[in-house]
**Student:** 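The structure follows.
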There are 2 protein chains.
Amino acid sequence: MDTKSYNRELPTLQDVAREARVSTATVSRTLNFPNQVTEATRLRVMETVRALNYTPNFSARALAARRTNTYGAVIPTMENAIFARGLEAFQKVLVANGATMLVASSSYDPQIEEDQIRNMIARGADGIVLIGNDRKPEIYRFLEERQVPVIIAWTGSSLAGRSCVGFDNVAAARQLALKAISLGHRRIAFISAHTVSNDRARDRVAGARAALRDAGLDADAMPLVETKYSIQCGQDAFATIMAADPKPTLVMCGNDVLAVGAIKAAQEMGLDVPGDVSITGFDDIELATIVSPALTTVHVPHRQMGRLAAEMLLAEVRDKSEPRQINLETHVVERQSLAAPRDQG
Amino acid sequence: MDTKSYNRELPTLQDVAREARVSTATVSRTLNFPNQVTEATRLRVMETVRALNYTPNFSARALAARRTNTYGAVIPTMENAIFARGLEAFQKVLVANGATMLVASSSYDPQIEEDQIRNMIARGADGIVLIGNDRKPEIYRFLEERQVPVIIAWTGSSLAGRSCVGFDNVAAARQLALKAISLGHRRIAFISAHTVSNDRARDRVAGARAALRDAGLDADAMPLVETKYSIQCGQDAFATIMAADPKPTLVMCGNDVLAVGAIKAAQEMGLDVPGDVSITGFDDIELATIVSPALTTVHVPHRQMGRLAAEMLLAEVRDKSEPRQINLETHVVERQSLAAPRDQG
DNA sequence: ACCGAAAATGTAAGCGCTTGCATTTTGTAT
DNA sequence: ATACAAAATGCAAGCGCTTACATTTTCGGT
């Protein structure tokens, strides 16, 4: 008894060709370049395709054509609305262009990121989008060797003429800090994501420092706590910061999630936000409008970055277009968590 | 002048074989079944691999081996913490097993979902996870023909002996509703996601109805508004519901996002939650703990589903294990948005 | 009707890998 | 030493598609 008797093979291009009484080349052309084929042939072939319920084998196609029509994205985490949103937009564009997305998350771990990148390349990604600039030079070397187009997202500047689509993290944070300073804040503390191998986080801190410097304050004295990405971590960091003396009148946070944690912690400590202490975020995710008080934060064009990244990647691969550097606008969204400090002293 | 002079070809298995003075078969075995090869050979081959900086070509491998080691997930949307979380867990397991994840989102559109499923199969996904049972029978037929293992997630029951990993949406919603009824609620309204081709949403409504019936109330009279998935939609739906007379004392929502919208709307209408009206959610995402009042909701084991889905898929593909149906526990998380109604009349 | 260019189609050589089978090497028991 | 099974390796035939090049068909102009 043949145990796998029902494992009938799938129809191949050959089968279609035989059935439609044309060569495999013609079938291939009908599928890939319909306009290179007579209307009659096209109809006949398509009919056969339908009749046999044929689906092309992408591996074979990729092997023969030497491109996979697949694009990768390696992001720090999917559990974060901002990246998820960007991804969703990224994939929409790809699908609209008949391409497929490969995703991997690195959990903010450079080693995992490297593995994932190599894996995507091995799987034949035609192009790849990465978040931020910070990574070992050998990774970039590897990518160049393989001649795989790369887009750096989430930052408006990149090195070595690489493509990027993002915004100026320094400027955005600086603008927010300046606004706070103009409201009278002088003692500003910062809760940041870990800045090692995270240029976005570093830039945001730098932006705050720059604003302090602009105002003639001691930027280096700014209390800074680095922590992981979660509400709980934001809470803990806030507690650490408020243990200092004198306490800051404003705690800036490197992202909204940390800020929400900070607000929670403040409220648990019986502090009024923004009465006793102001808190700001960065990203403008949904959470920012839900938390009470609603978060004053920096709006970041997540979807737009995802969309543009896909378009740029497709252009570079399909039209051999030149790398571009796109710097998008951000703006401060004023809500309720930032106000003038109560004690101006 | 050769314009692509710098397009040096990547090393292939052949190159490694020649360099290491073995056959391609041996290199292949060294890479895939190291224990079928002498220690000495293995070392020599691996050394050569490193020296040439060789990476296997997955398309070729997939074509020859007739499996891609790739697993797909088609989810309604990535912009939703619950699916994102599940995905993250799904991918972690895959990566730990040397496999890759393909993701696609359908935007809750059955047609897009179908296209995405077919696309994944064409791309050679070795297995696939789908959310919920509702879809055209021909899709299931297609999948069976192709003999691709499928896992239905987000629901604890499936038809035709298909594998699933999830929970009982009816029972979970019923339990929550019963709790509310025991608090004294009699006039209960429901805001649901669209129930067409969404069995999870339908089941949750059914659960609420079942509870009403248990309590001897008229389940069919329960006001029901169906809407899309967003905070704004939740707000609008809440307004619609509260325009009725008599107003409900409890508005149950099919998910946390809608519930947050409902709370927002209530507050904008000057209604106290839960004083004037109770509101419940479903999912227990982060948002639920942030919104004020914090949401009483049903906790759903998102990560666990993702993890188990991956494990089951791998087992079915690699070990030919039998389909399984896994029904996970859920539980009501009591926070502040549900309380006894003020007017018991 | 005939010619030549352009359009359509066919031929067949791979793409880089896996794997069944054949062959060689190794290890063990005599 | 010798015989033999088991382990390691090699040989070579594909996997299903694309595409350069060769061949045939079509069609406008005469």
Side-chain angles (χ1 to χ4, degrees), chain A residues 4 7-46 48-49 52-70 98 121-124 126 146 318, chain B residues 4 7-46 48-49 52-70 98 121-124 126 146 318:
Chain A
K4 49 178 177 176
N7 191 354
R8 62 195 153 336
E9 295 299 317
L10 296 176
T12 70
L13 230 198
Q14 289 247 33
D15 299 330
V16 177
R18 191 183 337 99
E19 209 72 13
R21 325 209 121 267
V22 293
S23 70
T24 58
T26 298
V27 178
S28 176
R29 288 191 196 102
T30 310
L31 262 27
N32 297 308
F33 316 96
N35 58 329
Q36 285 185 18
V37 131
T38 306
E39 163 107 9
T41 332
R42 183 157 48 71
L43 260 51
R44 189 150 39 92
V45 170
M46 291 315 260
T48 316
V49 164
L52 296 185
N53 198 13
Y54 166 79
T55 15
N57 176 321
F58 275 71
S59 300
R61 196 204 285 268
L63 180 58
R66 296 149 146 276
R67 75 218 294 277
T68 58
N69 220 1
T70 295
I121 300 311
R123 293 201 111 85
D126 288 342
R146 292 290 202 272
R318 318 242 250 227
Chain B
K4 49 178 176 176
N7 193 353
R8 61 195 154 336
E9 295 299 317
L10 296 176
T12 71
L13 230 198
Q14 289 247 34
D15 300 330
V16 177
R18 190 181 339 100
E19 208 71 12
R21 326 210 120 268
V22 293
S23 70
T24 57
T26 299
V27 178
S28 176
R29 289 191 195 104
T30 310
L31 263 26
N32 297 307
F33 315 96
N35 59 327
Q36 284 185 19
V37 131
T38 306
E39 162 107 9
T41 333
R42 183 158 48 71
L43 259 50
R44 188 150 39 91
V45 170
M46 290 315 260
T48 315
V49 164
L52 297 185
N53 200 11
Y54 166 79
T55 15
N57 176 322
F58 276 71
S59 300
R61 197 207 284 270
L63 180 58
R66 297 148 146 275
R67 75 221 286 281
T68 58
N69 220 359
T70 294
I121 300 310
R123 293 200 110 88
D126 288 341
R146 292 290 202 270
R318 319 241 249 227

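Convention: sequence-line order gives letters A, B, ...; per-chain numbering from 1. Reckoned from all heavy atoms, side chains included, excluding hydrogens, waters and symmetry mates. What you see is a predicted model; the values in this text were computed from it and never measured.
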**Student:** Okay, side chain of B/Asp15, backbone of B/Leu52: is any donor-acceptor separation there less than 3.5 Å?
**Tutor:** no
**Student:** For B/Arg29 and for A/Leu13, find the nucleotide of DNA chain D with the closest heavy atom, then tell me which residue's nucleotide is more 5'.
**Tutor:**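 This one resolves to B/Arg29.
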**Student:** Any sub-3.5 Å donor-acceptor pair from B/Asn57's side-chain atoms to B/Thr12's backbone N or O?
**Tutor:**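 No; zero donor-acceptor contacts below 3.5 Å.
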**Student:** Between B/Arg21 and A/Thr26, name the one whose nearest nucleotide on DNA chain D is closer to the 5' end.
**Tutor:** B/Arg21
**Student:** Taking only heavy atoms on the protein side, list every residue of residues 52-66 of chain A lying under 4.0 Å from any atom of DNA chain C, sorted numerically.
**Tutor:**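 Result for residues 52-66 of chain A: A/Leu63, A/Ala64, A/Arg66, sorted by number.
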**Student:** Looking only at the side chains, is there a donor atom on one of A/Arg123 and B/Thr70 sitting less than 3.5 Å from an acceptor on the other?
**Tutor:** yes
**Student:** Checking B/Thr38 side chain against B/Thr41 main chain: does a donor-acceptor pair fall under 3.5 Å?
**Tutor:** no
**Student:** Check the pair A/Val45, A/Arg29 against side-chain contact (heavy atoms from CB on, under 4.5 Å), reporting the backbone distance first and the verdict last.
**Tutor:** CA-CA 10 Å; A/Val45 170; A/Arg29 288 191 196 102; over 6 Å; no
**Student:** Within the structure, does a side-chain N or O atom of B/Ser28 lie under 4.0 Å from either OP1 or OP2 of C/dT18?
**Tutor:** yes
**Student:** Quick check on C/dG10: is either OP1 or OP2 less than 4.0 Å from any side-chain nitrogen or oxygen of A/Ser23?
**Tutor:** yes
**Student:** Does the pair A/Thr26 and A/Arg21 meet the rule for a side-chain contact (heavy atoms from CB on, under 4.5 Å), with working shown?
**Tutor:** CA-CA 10 Å; A/Thr26 298; A/Arg21 325 209 121 267; over 6 Å; no
**Student:** Counting only non-hydrogen atoms, which of residues 32-46 of chain B are less than 4.0 Å from DNA chain D?
**Tutor:** B/Val37, B/Thr38, B/Thr41
**Student:** Starting from C1' on C/dG10, measure out to CZ on A/Arg18 and report it in whole angstrom.
**Tutor:**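 The distance from CZ of A/Arg18 to C1' of C/dG10 comes to 16 Å, rounded to the nearest Å.
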**Student:** Distance check needed: C/dC17 C1' versus B/Arg67 CZ, whole Å only.
**Tutor:**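 In whole Å, C/dC17 C1' lies 15 Å from B/Arg67 CZ.
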**Student:** Please walk me through it: do B/Val27 and B/Gln14 pass side-chain contact (heavy atoms from CB on, under 4.5 Å)?
**Tutor:** CA-CA 9 Å; B/Val27 178; B/Gln14 289 247 34; over 6 Å; no
**Student:** Determine whether A/Thr30 and A/Pro34 make a side-chain contact, defined as any pair of heavy atoms from C-beta on separated by less than 4.5 Å.
**Tutor:** no
**Student:** Check for me whether B/Arg61 meets the cation-pi criterion with B/Phe58, that is, NZ or CZ under 6.0 Å from the six-membered ring centre and within 45 degrees of the ring axis.
**Tutor:** yes
**Student:** In whole Å, what is the span from the CG atom of A/Leu10 to the P atom of D/dC15?
**Tutor:**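 In whole Å, D/dC15 P and A/Leu10 CG are 13 Å from each other.
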**Student:** Write down the distance between CG (B/Asn69) and P (C/dC17), rounded to a whole number of angstrom.
**Tutor:**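 Taking atom P of C/dC17 as the reference, CG of B/Asn69 is at 16 Å.
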